[in-house]
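The figures that follow rest on heavy atoms only: side chains count, while hydrogens, waters and symmetry mates do not. Each chain gets a letter, A, B and so on, in the order the sequences are listed, and its residues count up from 1.
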Amino acid sequence: MINSAHAGTLESSDVYIQINPIEGDKVEIDLSSSVAELYDDMIEELIRDTLKEMNISGVHINVQDKGALDFVIKARLQTAVFRACETKPTWGGTQNEV
Amino acid sequence: MNSNISVSEFDSGNTRRVAKIKDFLDKNELDMSPDIEVFVTIKDEEEMIACGGLAGKVLKCIAVDSSRRGQGLILKVITHLLNAALVRNRNELFLFSTPKNIEFFHDCGFNLIEECDGEIILMENTKNLENYQKKLTSLKKDGDLIGSIVINANPFTKGHRYLIEEASKRSDWLHIFVVREEASEFTFNDRISLIKKGISDLKNVTLHEGSDYIISKATFPTYFIKDKRQVNELYAKLDLNIFRNQLASYLGITHRFVGTEPYCKVTNNYNKNMKKILANPNGKSATIEVVEIDRIKFDDKPISASRVRKLLKEKNYEELVNLVPTTTYEFLLEGIKDDK
């Protein structure tokens with residue numbers, strides 16, 4: 001169901017997200033962030049919550065964060081997921097299930 | 001003020017644009033790499049200010065104009081190169097650059113594999129090396145003399161058999177690495193299965209499938225462009241440093257065995273560098289003694305895989321049969337039948 005996909009950039013205040021399918025139904029996150037000391041737990045939680053909302057598991061998520069704000073991270077992740085699932089998003093609201 | 005900056009991506013078939021990149025790289029004291037398929041350039045108005053290339057799964061030839069550094073242009077280049085690689089389903093990437101950029105590329109998600117002579121670095125965007133090292137550690141064998149051989153065996157000859165047999169006799173345990181890259185006449189699966197059949201009687205040997213870290217297009221691109229005779233010492237040194245510091249130390253390897261090389265310039269040069277790099281103390285890992293074993297001869301000429309391939313082409317099976325073990329000969333005969 002899920003392919004590999006990516007979204008975002010490595011530029012300042014943005015985030016580069018890669019998503020790859022893995023065996024099983026775990027969510028593996030590799031996070032590296034220029035603001036990791038302060039926010040790494042928060043970013044990881046945001047990613048897990050967003051994936052849960054979208055009903056996505058069995059993925060490896062690679063996150064290169066350059067100090068993006070939380071809504072940027074969420075938007076980039078949603079985009080990566082939609083690309084991975086080749087579906088069109090329903091933007092707005094929380095019904096972003098795929 | 002960034003409004004006139006544009007990014008473009010094009011393939012290496014565009015000779016006019018590739019020539020411009022070559023000029024740009026020259027200015028930045030970098031060589032153009034002949035194996036690049038995709039280029040990314042950044043221009044301000046019509047002036048090139050940054051570029052980068054993708055060759056297989058390797059990012060290289062990354063440069064930013066000296067007057068434009070510190071503006072994050074390289075992040076744009078890397079982003080576009082990553083995109084170019086990912087849409088081609090290449091997720092596990094390598095990157096060549098110079099040591100002063102280590103930290104910088106680390107921030108782009110790349111981990112250092114090896115640095116060589118203060119001139120060149122190889123990085124990867126995965127933790128594959130770490131995992132590979134764990135696997136090697138689990139395959140470690142005890143002994144005073146732990147030998148190693150790296151071969152392509154294209155295809156497996158009596159020469160290879162002799163080298164392995166000699167090394168096996170002199171070692172408590174012998175680790176053989178088979179070059180994994182599919183850049184030879186015979187496929188990796190055929191090459192390794194012929195070795196396996198040809199040495200099944202030797203008991204103190206582990207046959208390893210090669211990896212990106214041993215003579216691969218990632219670590220040693222020029223090895224596979226032999227016909228152009230682009231003998232790049234730096235890549236040879238990098239490959240050998242990786243072998244010694246990142247792989248051999250995990251298996252406790254003390255010796256590396258090689259056959260003398262009468263024909264191939266690249267291999268000959270590689271062997272020379274091998275003695276220099278493996279046998280001298282470097283402060284990072286234990287030294288490895290290099291043992292050259294004379295090639296066996298047939299009809300007064302050394303047996304080599306290139307000679308076998310030549311005879312095969314000439315359909316000179318009468319001579320060929322003397323150069324390869326029966327297992328290889330049977331395999332070659334099957335191929336001949338298939339051709340008919």
Sub-3.5 Å donor-acceptor pair from the side chain of D239(B) to the main-chain atoms of I215(B), do we have one?
yes

Kindly check if the number of other-residue, nucleotide or ligand heavy atoms within 6.0 Å of CG (D11(B)) is above 12?
yes

Residue pair S285(B) / R244(B): nearest heavy atoms and the distance that separates them:
O-NH2, 2.7 Å

What is the ring orientation for H208(B) with H175(B), classed by angle as parallel under 30°, tilted 30 to 60°, or perpendicular over 60°?
tilted

By a 4.5 Å heavy-atom criterion (distance strictly below it), what part of S4(A) contacts chain B: side chain, backbone, both, or neither?
side chain

Among L240(B), N282(B), I113(B), which one satisfies side-chain contact (heavy atoms from CB on, under 4.5 Å) with N245(B)?
N282(B)

Verdict with supporting geometry, N128(B) and E92(B), side chain to side chain donor-acceptor pair (under 3.5 Å)
CA-CA 9 Å; N128(B) 289 351; E92(B) 303 186 342; 3.2 Å; yes

Can you list the residues of residues 38-45 of chain A that sit under 4.5 Å from chain B, counting heavy atoms only?
none

Checking heavy atoms, do the side chain of I74(B), its backbone, both or neither come under 4.5 Å from chain A?
neither

Name of the residue among Q246(B), R180(B), E124(B), Q133(B) meeting side chain to side chain donor-acceptor pair (under 3.5 Å) with Y213(B):
E124(B)

H6(A) vs Y16(A) aromatic rings, parallel, tilted or perpendicular, using cut-offs 30° and 60°?
parallel

Using a 4.5 angstrom heavy-atom cutoff, name the option from D107(B), N125(B), I78(B) with the most pairs to chain A.
D107(B)

Got a donor-acceptor contact below 3.5 angstrom from the N55(A) side chain to the L51(A) backbone?
no

Hydrogens and angles aside, do N189(B) and T187(B) bring a side-chain donor and acceptor to less than 3.5 Å of each other?
no

Between K66(A) and E11(A), does any NZ, NE, NH1 or NH2 come within less than 4.0 Å of an OD or OE carboxylate oxygen?
no

Taking non-hydrogen atoms and a cut-off under 4.5 angstrom, which of residues 20-30 of chain A neighbour chain B?
N20(A), D30(A)

